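Only one structure is covered here, and it is reproduced in the block below.
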Amino acid sequence: MEVILNLASVQGNILKYNQILKKSDQLIKQNLEDKKQDSIRKEGRSHQLEISDPIVEIENLTLEYDGKPAIIDILIDIPKNHATAVIGPSGCGKSTLLRCLNRLNDLIDGVTIEGSVKISGEDIYDSNIDVTELRKRVGMVFQKSNPFPKSIYENVAYGPRLSGIKNSTDLDEIVENSLNGAALWEEVKDRLGESALSLSGGQQQRLCIARAIAVEPEVLLMDEPCSDLDPIATGKIEDLITELKQNYTIVIVTHNMQQAARVSDYTAFMYLGRIIEYDITENIFLRPTNKQTEDYVSGKFG
Amino acid sequence: MSVITRLKDVEDKIYLQSAFKSRIKRKRQIADFFARLVVTSGGIAIILSILAILFFITIEVIPLWRGVKADLSGRFDIKQTAGIAIIITDDTPFNKPIPIFAIGLDEYREIGFIITKTGKINFISLKDGSIIKQVPLSKIEGKNVSSIFESSNNKQYALGTEDGYVLPVEINFKVSFTQEGKRIIEPRLFEGEPFLVESITLNKLAYNQSSDDSRAAAVITSDGRLVFVSVETSSSLISDEIKNLFKHDLTSGLKGDNVTSLELDSFLDNLYVGTKEGRLYHWSVSDKQNPKLVDVISATAPPGTPLTALGFLLGDRSLIVGDASGVVSVWFQVEDETSPIGRKLQKIHHFKSHNQPITNIASSSRDRSFLSADSSGNISLHHATSNQTLLQLSTEGSSIVAIAFAPKANGILAIDQKGVFYDWDIDNPHPETNLKTLFGKVWYEGYSKPDYVWQSTGGTDEFEPKLSLTPLAYGTLKGALYALIFAIPLSLLGAICVSQFMHPSMRNVIKPIIEIMAALPSVVLGFFAGLWLAPYIEKIIPAVFLMPLVITILTLVAMILWKYLPKFIHARFREGTEFFLLIPIIILGILISIWLNTPLENMLFGGDYRNWLFEVLGLQYDQRNALIVGFAMGFAVIPIIFSIAEDALSNVPKHLTAGSLALGANRWQTAIKVVLPTASAGISSAIMIGLGRAVGETMIVLMATGNTPIMDWSIFNGFRALSANIAVEIPEAPHGGTLYRVLFLAALLLFFVTFVLNTAAELVRQRLRKKYGQL
């Protein structure tokens, strides 16, 4: 009987010890994590590139959804007329960062933003900034192609019309140039009046690009523009990006590392809301300085 | 041993498990089967019940279009059965000495009577034609009858004798029941006081008596004179009767025409004379001392075709005219300023020609039907209001000498020159309806022109039912239109505001509140609108029309002020909640408008807007009018349109709005250019469903309008909607009657309209959905 009682108390003790062990383990882990975060932050800053001609300057940008930070302390400059890729695992804040650049995050409830984003030297979070004007300067192409349920022509003319262009010859010219710019003109020039929804997925996405460049933005944001497309359509869009970066500054968020390697000049690697490493694309993929970057680009996690 | 049992246990378990599994599988199959059965039968039951409603409404309506049925129920030669001789002296339909003057029958169609030249009333059984009894007319006993007049109610007769007397006679039937429940019909004869007109044979006679015991007769004597006699009887306290007798010889007015027929109405106002020369003479005899020839009309085409028969329709206001070419027409007096009596006789309806001279006319004492018979033995049944010939009967080819309509309009009696007596069963329950009377313009008795009129019942039996559904359909559309004019802008703008601009937390409050509005019983809304709102609005009409202007101006001013307000005040309102600030501004706008009401009315409308409306715009102001219905029904329709439209707008994919915003559009531009077109399918079905509700709505239109079936788009007039009409009239519509069926037709029409609206809504929705379907 006594033996049994003893055994029971031993069992109770073991349980207690277990709990204590777990707790301490958690503490240690947390500590380690904190240290890691710290090192990440330091490393992020140490890897800051010197960009000679930045068009977008992001300084200490932190964004919180209802008090939960989504991106933390971002500090990068984005060079003019180059393609800059942002890579990183899902949920690391790539898209959020992108949406900070045209203030599309404003629409979401409970968002607070700190830090500054300058485009062409102008702080876009300044209270005097006209958001609609800003969005004309910073075009965006979304992950899912979203042509309006209007004709192909009207889709492209939508932005210019908002800017007050009414003359039909001007509009025709803009539409043709933009569709040419998006390498779509030859495919749709005979059916501009047809619904945009009659186009294939890849064509729809290129139409969205045409629509975005019709207002001649300074910066073109692309949020995983090829994630819904097949390889052929993806190839076309990638060629287009290479083409477009002659005239536009492109910031592209992508999951596809080959794509980033193919189209971008600079690449930023984000993890858990922070920029871990930012460098010339070649360096990121061939000579990453950070262990996490190396793990990610070599496919060890993500 | 234990190992074996354990193994067995395991085996059992496995077996049980598999059994359990198969049982579950079967259970699931059964449940699946029953679920499918219940769901399918539920769906079929709904479809069937709708079809059943449609079917039963249609069943009630179809008899309106059923033709007239006639069966020859009796035919006998009265010379053989009753021993009544027919004397044929002259075959021409006019100016003929008539052997048999008149025939008639009781309301159960058991006993008929024949009035002959000898001054005897012969009652005969309609079963076999045998004589029941012969009653001599005691007051003119021994005299030969030379002419007869039959009043349009088929009860009163007047006999003219060869020595110039006129005897009023009334024949009716006393119906009693024995203890065994057997029906006994006893014919009764009342003779009035005979009075002398001229001591000469009276060849033709028209006689009538008015309710105040005045009597009048017009006669054609054997020497061709037209004489009008009136006898006035008045009672006083001292003496019993003072008789005023006026006699006028009107022959000079005839210009030598030969009179073929005479008619005198029961008001003793109008004397109509038809002549062989085809002219219709109209004397106004309301002033008994001084009869006036009002009009001489060439009534036939080609001119000169002899008129052969005259008769009155029920009510003695419409004159039926038959001529020698077989044409039958209906005439009545229409307002005309050129006429000395202010009204002029006009031909209103004409019917299918007999192509043979008309010999007799008899009108129904139930409705506006009448019979015309010709010299070849053909009989036609016409209906005046609907302008249609319902039935054509033919006999054995001899000229019809007398004809009678059964009191219940369910039988026809006729007798021809050879003494053959015919008795038809008639089934003619709904003579007054056809597409024209239900939907077209009809020239009703006493109206100055053809018109769309709904007036189903009147004060007297002689009333002409006016059953045009057009003013009712018009009322329904008018009500729905004014309701939608009020509801569409408010509900759609509200839906755009709530879905696109408001903070979601406010949307979650406002939407349910507006949806509760739909739960308000419409009878409460109607009661409120009719009894409180209507009198109140009547007081402040100028303010009501001022309100939109004042509120718009105040809102614009408030928005401009808001823009220049310091930032810290802005900061107190979360984005999307600043709309609350508009509530006091709108209330202020309403108050300012009401406050401005009297000054405005004094300044612009001379102190009384109703007077101004009437004099300047020619509009009548009804207290319960389309404006009130617009408000009340708008209130009922707004939640429906709002709720569906708001859902449609909220369901526009976010990536589309984001795409538009990313191109530099502001929220308003995005809402108008991207969200609204994308949600157009839902919005259009919202409006259609709202329209459907407005069309079918009953209690509000019933209580908030005056229910006058007029056709006028004026917002200040009331109207009567189909639905309200059914509610108002179904309690007074006798089961199976024409009105009852017409009301069912109105229901069918309503059903049809809502069906068409819903189908159209669905088609539009499908089309738009297809257009925007890939989203």
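Lettering of chains follows the sequences in order, A, B, ..., and the numbering in each one begins at 1. Being a predicted model, the structure only gives us computed values, none of them experimental. Just so you know, these numbers use all the heavy atoms, side chains as well, and skip hydrogens, waters and symmetry mates.
Taking a 6.0 Å sphere around CH2 of Trp668(B), one finds it holds 12 or fewer heavy atoms contributed by other residues, nucleotides or ligands. Atom OH of Tyr65(A) is surrounded by more than 12 heavy atoms from other residues, nucleotides or ligands within 6.0 Å. The environment of Arg191(A) atom CZ is dense: over 12 non-hydrogen atoms of other residues, nucleotides or ligands sit within 6.0 angstrom. A 6.0 Å sphere centred on CD of Glu216(A) holds no more than 12 heavy atoms belonging to other residues, nucleotides or ligands. Around the CG atom of Leu565(B), the shell of radius 6.0 Å holds more than 12 heavy atoms that belong to other residues, nucleotides or ligands. Heavy-atom contacts from other residues, nucleotides or ligands closer than 6.0 Å to OH of Tyr153(A) number more than 12. Enclosure of atom NZ in Lys673(B) by more than 12 non-hydrogen atoms of other residues, nucleotides or ligands within 6.0 angstrom is indicated.
Neither the backbone nor the side chain of Val141(A) comes within contact range of chain B, judged by heavy atoms closer than 4.5 Å. Heavy atoms closer than 4.5 Å to chain A are found in both the backbone and the side chain of Ser660(B).
The minimum heavy-atom distance linking Thr678(B) with Pro149(A) is given by the pair OG1-CG, 3.3 Å.
For the atom pair CZ (Phe148(A)) and CG (Leu663(B)), the distance works out to 5.5 Å, reported to the nearest 0.5 Å. From Thr670(B), atom OG1 reaches atom CG of Leu162(A) across 7.5 Å, with rounding to the nearest 0.5 Å. One finds the CZ atom of Arg103(A) at 12.5 Å from the CG atom of Leu661(B) (value rounded to the nearest 0.5 Å). One distance of note links NZ of Lys654(B) with NZ of Lys144(A); it measures 14.0 Å at 0.5 Å rounding.
At a threshold of 4.5 Å between non-hydrogen side-chain atoms, the residues Val674(B) and Tyr158(A) count as touching.
Side chain of Asn146(A) to backbone of His655(B): a donor-acceptor contact under 3.5 angstrom is found.
Among the candidates Met140(A), Arg99(A), Glu133(A), Lys150(A), the residue making the largest number of heavy-atom pairs closer than 4.5 Å to chain B is Lys150(A).
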